[in-house]
Amino acid sequence: LSKQRHYDFGLRNILSVLRTAGSVLRKETGKPEDNLFMRTLRDMNLSKLVFEDISLFDSLLADMFPGKENQRGSHPEIEKEMDKFITKNGIVHWRPWMDKIIQLYETKLVRHGIMVVGPALCGKTMCFDTMTDALTKTTVPHQQLRMNPKAITAQQMFGRMDAMTGDWHDGIFAALWRQAVRQAKKKNMWIVCDGPVDAIWIENLNTVLDDNKLLTLANGERIQMTDT
């Protein structure tokens, strides 16, 4: 495969594949394990591949599972609501773009932190909006909390300690995080950092994006992410 900065085939990716494979195996008992595992490998990795690498990845899977055909998972209820949203908003029914929404949904099932990359005006925001609407109609209410980390400083994003009084003032991300935790029982909250990735602000989200799921603030406070 080509070298891309966003490709990740390390331990974290292996763990996600194994979790998904176990979930699929328990859900679809009686079906051949090799078919299910092949489908899981493809579904969990296809979303991150650039177009030029897809055919090569499929050929690698064909070598690993000789004689087996690629089968994609189906989500009829979600795809039905996606079609309604797309028609209502006058969006073109373009199958490759709709497949990206399904891939985003399947990634969301096993990961709590997702990065969506692509050039401007390629449909990233509409992917989120379409999936938010479809999941709201089929499961529990979903809501996006959106901010641009590159438009503010690190202190404005996470918070600061007043040097004179010693009082702590939440930043925008910290305030959104508290709001999401408070409303987690009523709806599924997504905090969307809409903007270029920067080492300064993404470094502070290490404990959020790993298995700790914990926001650690400069005042020593730790706020745990909920399951939703």
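Here the structure is a predicted model, which is why all the values come from computation and not from measurement. Index from 1, following the sequence.
The minimum heavy-atom distance linking Ala184 with Thr226 is given by the pair CB-OG1, 3.1 Å. Closest of all the heavy-atom pairs between Cys127 and Lys100 is SG-CB, 4.4 Å. Between Thr40 and Val24 the shortest heavy-atom distance is OG1-CG2, 4.1 Å.
Judged by distance alone, with hydrogens and angles left aside, the side-chain atoms of Lys124 form a donor-acceptor pair with the main-chain N or O of Gly118 at under 3.5 Å. The main-chain N or O of Glu203 is found under 3.5 Å from a side-chain atom of Asn206 such that the two form a donor-acceptor pair. Proximity of a side-chain donor or acceptor of Ser59 to a complementary backbone N or O of Leu56 within less than 3.5 Å is detected.
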Task: Evaluation steps, side chain to side chain contact (heavy atoms under 4.5 Å, CB included), between Ile152 and Met157 - done: CA-CA 6 Å; Ile152 54 178; Met157 181 173 178; 3.7 Å; yes
Task: Check against side chain to side chain contact (heavy atoms under 4.5 Å, CB included), Arg146 and Thr125 - done: CA-CA 11 Å; Arg146 191 176 294 270; Thr125 300; 4.0 Å; yes
Task: Verdict with supporting geometry, Cys122 and Trp97, side chain to side chain contact (heavy atoms under 4.5 Å, CB included) - done: CA-CA 9 Å; Cys122 71; Trp97 180 74; over 6 Å; no
Open item on the list: Between Leu135 and Met131, does the side chain to side chain contact (heavy atoms under 4.5 Å, CB included) criterion hold? Intermediate values first, please.
Closed with: CA-CA 6 Å; Leu135 291 179; Met131 189 168 68; 3.8 Å; yes
TODO: For side chain to side chain donor-acceptor pair (under 3.5 Å), just list the numbers for Thr138 and Glu81, CA-CA rounded to whole Å, side-chain angles, deciding distance to a tenth of an Å, and then say yes or no.
DONE: CA-CA 8 Å; Thr138 56; Glu81 293 299 331; over 6 Å; no
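Residues Met189 and Val181 fail the side-chain proximity criterion, which asks for heavy atoms closer than 4.5 Å. With a 4.5 Å cut-off on side-chain heavy atoms, His142 and Lys187 do not count as touching. The shortest side-chain heavy-atom distance between Met126 and Phe85 falls under the 4.5 Å cut-off. Put simply, the side chain of Phe37 reaches to within 4.5 Å of the side chain of Phe65, judged on heavy atoms. Under the 4.5 Å side-chain criterion, counting only non-hydrogen atoms from C-beta, Met147 is not in contact with Asp194. Residues Leu217 and Trp168 form a side-chain contact, since some pair of their non-hydrogen atoms from C-beta on lies under 4.5 Å apart. Here the side chains of Trp177 and Asp170 are not in contact, with every heavy-atom distance at 4.5 Å or above. The shortest side-chain heavy-atom distance between His93 and Asp83 falls under the 4.5 Å cut-off.
With values rounded to the nearest 0.5 angstrom, Leu36 atom CG is found 11.0 Å from Ser23 atom OG. The OG1 atom of Thr132 sits 11.5 Å away from the NZ atom of Lys137 when rounded to the nearest 0.5 Å. The distance from the CG atom of Leu215 to the CD1 atom of Ile191 is 8.0 Å, given to the nearest 0.5 Å. Arg39 CZ to Thr20 OG1: the interatomic distance, rounded to the nearest 0.5 Å, is 11.0 Å. Remark: Ile101 CD1 to Asp129 CG distance equals 9.5 Å, nearest 0.5 Å.
Between Asn212 and Gln224, the side chains place no donor N or O within less than 3.5 Å of an acceptor N or O (distance only, hydrogens not considered). One side chain, His75 or Glu106, offers a donor N or O that lies under 3.5 Å from an acceptor on the other. A donor and an acceptor atom, one from each side chain of Trp190 and Asn188, are located under 3.5 Å apart.
By the rule that hydrophobic residues join a cluster once side-chain heavy atoms approach within less than 4.5 Å of another member, Leu25 and Leu61 end up as members of separate clusters.
Within 6.0 Å of the CD1 atom in Ile54, the count of heavy atoms belonging to other residues, nucleotides or ligands exceeds 12. More than 12 non-hydrogen atoms from other residues, nucleotides or ligands lie less than 6.0 angstrom from CD of Gln156.
A salt bridge links Glu221 with Arg178: the closest approach of a Lys/Arg side-chain nitrogen to an acidic carboxylate oxygen falls below 4.0 angstrom. Using a cutoff of 4.0 Å between basic side-chain nitrogens and carboxylate oxygens, Lys80 and Glu77 are not scored as salt-bridged. Salt bridge Asp133/Lys88: absent, no basic N to carboxylate O contact under 4.0 Å.
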